[in-house]
There are 2 protein chains.
Amino acid sequence: MRGKRVTSLEVALKAGVSQSTVSRAFSGDERLSQSTRERVLEVARKLGYRPNAIARSLITQRTQIIGIVASYMTNPFFPLVLQAFTQTLHELGWRVLLFTAGTNEDVDDLLPEVLAYQVDGLIIVTATLSSRMAKEVRRRGIPVVLFNRYVPESGASAVSCDNLNGGRMVADLLLDAGHTRLAYIAGREDTSTNQDRRRGFLERLAERGIEHCQQEHGHFTYEGGFAAAMRLLESHNPPEALFCANDIAALGALDAARKLGVRVPQDLSVVGFDDIPMAAWSAYNLTTLRQPREQMIAASVRLLMERIENPGLPGVLEFIPGTLIERQTVRAHGR
Amino acid sequence: MRGKRVTSLEVALKAGVSQSTVSRAFSGDERLSQSTRERVLEVARKLGYRPNAIARSLITQRTQIIGIVASYMTNPFFPLVLQAFTQTLHELGWRVLLFTAGTNEDVDDLLPEVLAYQVDGLIIVTATLSSRMAKEVRRRGIPVVLFNRYVPESGASAVSCDNLNGGRMVADLLLDAGHTRLAYIAGREDTSTNQDRRRGFLERLAERGIEHCQQEHGHFTYEGGFAAAMRLLESHNPPEALFCANDIAALGALDAARKLGVRVPQDLSVVGFDDIPMAAWSAYNLTTLRQPREQMIAASVRLLMERIENPGLPGVLEFIPGTLIERQTVRAHGR
DNA sequence: GTCATTTGTGCAAACGTATGCACAAAATAT
DNA sequence: ATATTTTGTGCATACGTTTGCACAAATGAC
């Protein structure tokens, strides 16, 4: 049958102390004498005892578990984020309960199950919180951080790249290169990420006198970017420069250009957003706006920890500036 | 402060029943009358009550949590696997506690912490179990499945692609294309995956009269594959065909070829292993051996579930055949 | 009408730990 | 020497559930 679970009581009996003492030996209680502590730990080691985290959680009212809800795992950006989160949290002594959602609606179904496990905090990566769930989570007093999305009225904290200014930087880059016929390959319409990148881009274009900009949907995917670029490049008035809502779509666009024999950057400039590892691959050499992943993750974790320590803190929005990484997909200055 | 946690007792008082009855209303106990059940659930809904999974675990001795230890998240194959695992397990009513390990050694440090949470089962993706940990886990009676690795003596179940035969199929493909000067770009030496793919490949070459095959280390990474291909292609006796231990290294090799102006497949054939989404991208069109991801995951979950239900079952090794996906990176038959 | 059966609910004990309080023993002060 | 403080440990309770058992009420048989 199921292997014996060793309990603190068994260790106690074998070591000739009380169960409380065993508990104290593991919790590092100061008052325990050196000798008993060593004896207890020795017996525990022999028996293969480790405190049951579940039982401990019940009494301490802390599970030391952070729930992470993630989606879009097909975009390489997110596995990297997920790995960094789990690694970071782990180093800080937390565990991660992972949920993956296909779409935003799924998050609503998932969340109650996460909450049943009494997670101490919640990180939601690239998905939004419905107002119903935001309320539910707030009522329970569970700190939440949204990563790469924000929902101003939700009361949840959020960390995101400064997409607005990122879009502006891309606009400047392409205008400085002398382009005038521009296009934006969009991501999902209902995401702040897509909206802000576009808004920053278009606002800056307008400020510099370019009122017109074509748009196509790229769905944040390779296939979507490929198809969007095909439509644009085969139209009667093809653009000279593409700003893609994220890198993976930009890679699709580059492959579309390659397929059509459109030379990059001579005939077409392409800029992405994210700076995923593949952007640096020599087949692409994509110029892109790097999201400061490490900083964003560190900030998210910091915000979360602060709110777990001090549940009274209000939600906060943090925008971290990105960096332009110039590779080979934008033509040189002034043509 | 921390929001009130609603307990079954509060629901009970408000509904005018005992705490046990609330519990039974949620566990779907047959004997409860329709009317009280509805009344209880209604009150619970109003109060926002959900059973505390932690407390439940303590008494049922089942956490409904599966621990997943994963590594190599930079290879796109694994995020896909991870997502599929969490999705599948979730549909079956299980939760996933995620741990990411950098290297194999880390797994040993991680495992005790996973075990402290009393996981009901363990999936280890692309990392091996030290014999010490295998023993520890066995003593506790926790079912383990290794994914993409196997450790015969460990007693742990394992699911893997039939890498041995996969290597043979690649050998046949390249020999049929008329190649004789071949090279293998290896992955990590201490993995069964790398060993089996190479062994199958070399064995088949030998059977068909090719005794010699160059080898370089590609480390299962893009950069590694790129560098290995550079070394091979710039040597005095460059190979006509490359078999790369996985796709991501093969993509690196293709980019190396592109950089050197070596045409694929006219001057060089390249074959990968995995069939990650990028292999199908038009920039690469990589011929590769597809790992039957879905089947492997389904098998892993099945093995694990069986062993959770029936802890007496012995460990089992399951090898699932891969499929050759012929795209454009191997020259046509007989040159 | 009584007695046997069924149905629905409550009681209380567990699960494995943490921790406030009490208190004995040892150390220190007077 | 006694009185006071410090140190180390045990007792008992609590955390929020599930579940075997007991039992009252309702139902049915006669």
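Values reported hereafter were calculated over all heavy atoms of this structure, with side chains retained and with hydrogens, waters and symmetry mates removed. First the proteins, then the strands, lettered A, B, ... as listed; each starts at 1.
- Residues Ser8(A) and Val17(B) both approach DNA chain C. Their nearest nucleotides, taken by heavy-atom distance, put Val17(B) toward the 5′ side.
- Using a 4.0 Å heavy-atom distance criterion, Val22(A) is classed as making no nucleic acid contact.
- Following rounding to the nearest Å, Arg62(A) (CZ) and dT17(C) (P) show an atom-to-atom distance of 20 Å.
- Ser23(A) comes within contact range of at least one nucleobase, with a heavy-atom separation under 4.0 Å.
- Interface remark: the Arg37(A) side chain does not form any donor-acceptor pair with the dG8(D) base, using a distance-only criterion of under 3.5 Å.
- The CG atom of Leu58(B) sits 9 Å away from the P atom of dT17(C) (whole-angstrom rounding).
- A salt bridge links Arg139(A) with Glu136(A): at least one charged nitrogen is closer than 4.0 Å to a carboxylate oxygen.
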Side chain to side chain donor-acceptor pair (under 3.5 Å) between Ser20(A) and Ser23(A), worked out: CA-CA 5 Å; Ser20(A) 332; Ser23(A) 167; over 6 Å; no
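- When Leu89(B), Thr86(B), Leu97(B) are each tested for a side-chain contact (heavy atoms from CB on, under 4.5 Å) with Leu98(A), only one passes: Thr86(B).
- The distance between atom CZ of Phe26(A) and atom P of dG16(C), rounded to the nearest whole Å, is 16 Å.
- Arg31(B) comes within 4.0 angstrom of a nucleotide base, judged by non-hydrogen atoms across all strands.
- Note on Lys46(B) versus Glu10(B): no salt bridge recorded, every NZ/NE/NH1/NH2 to OD/OE distance being 4.0 Å or above.
- Rounded to an integer number of Å, the gap from CZ of Arg24(A) to P of dT19(C) is 10 Å.
- Taking the six-membered ring for Trp, Tyr72(B) and Phe77(B) have ring centres at least 6.0 Å apart.
- A sub-4.0 Å separation between OP1 or OP2 of dG16(D) and a side-chain N or O of Thr7(B) is absent.
- Put simply, CD1 on Ile59(A) is 10 Å from C1' on dG16(D), counting in whole angstrom units.
- One finds no side-chain N or O of Gln19(B) lying less than 4.0 angstrom from the OP1 or OP2 phosphate oxygen of dA12(C).
- Contacts of Ser27(B) with the nucleic acid, taken as non-hydrogen atoms under 4.0 Å apart, are absent.
- One interatomic measurement links the two molecules: CD1 of Ile54(A) to C1' of dC15(D), which rounds to 13 Å at whole-angstrom precision.
- Contact annotation: Gln61(A) reaches the phosphate of dG16(D) (side-chain N/O to OP1 or OP2, under 4.0 Å).
- Nucleic acid contact for Tyr49(A): sugar-phosphate only, since backbone atoms but no base atoms lie under 4.0 Å from a heavy atom of the residue.
- When distances are taken from the side chain of Thr21(B) to each of dT9(C), dT9(D), dT17(D), the shortest belongs to dT9(C).
- Rounded to an integer number of Å, the gap from Asp29(A) CG to dG10(D) P is 13 Å.
- The interatomic distance linking Gln64(B) (CD) with dT17(D) (P) rounds to 16 Å, in whole Å.
- Within 4.0 Å of Ser20(B), counting heavy atoms only, lies at least one base atom of the nucleic acid.
- Using a 4.0 Å heavy-atom cutoff across all strands shown, Thr36(A) reaches sugar-phosphate atoms only and no base atom.
- Interatomic distance, Arg50(A) CZ to Ser8(A) OG, rounded to the nearest 0.5 Å: 14.0 Å.
- Contact check, Ser33(B) against dT9(C): a side-chain N or O comes under 4.0 Å of OP1 or OP2.
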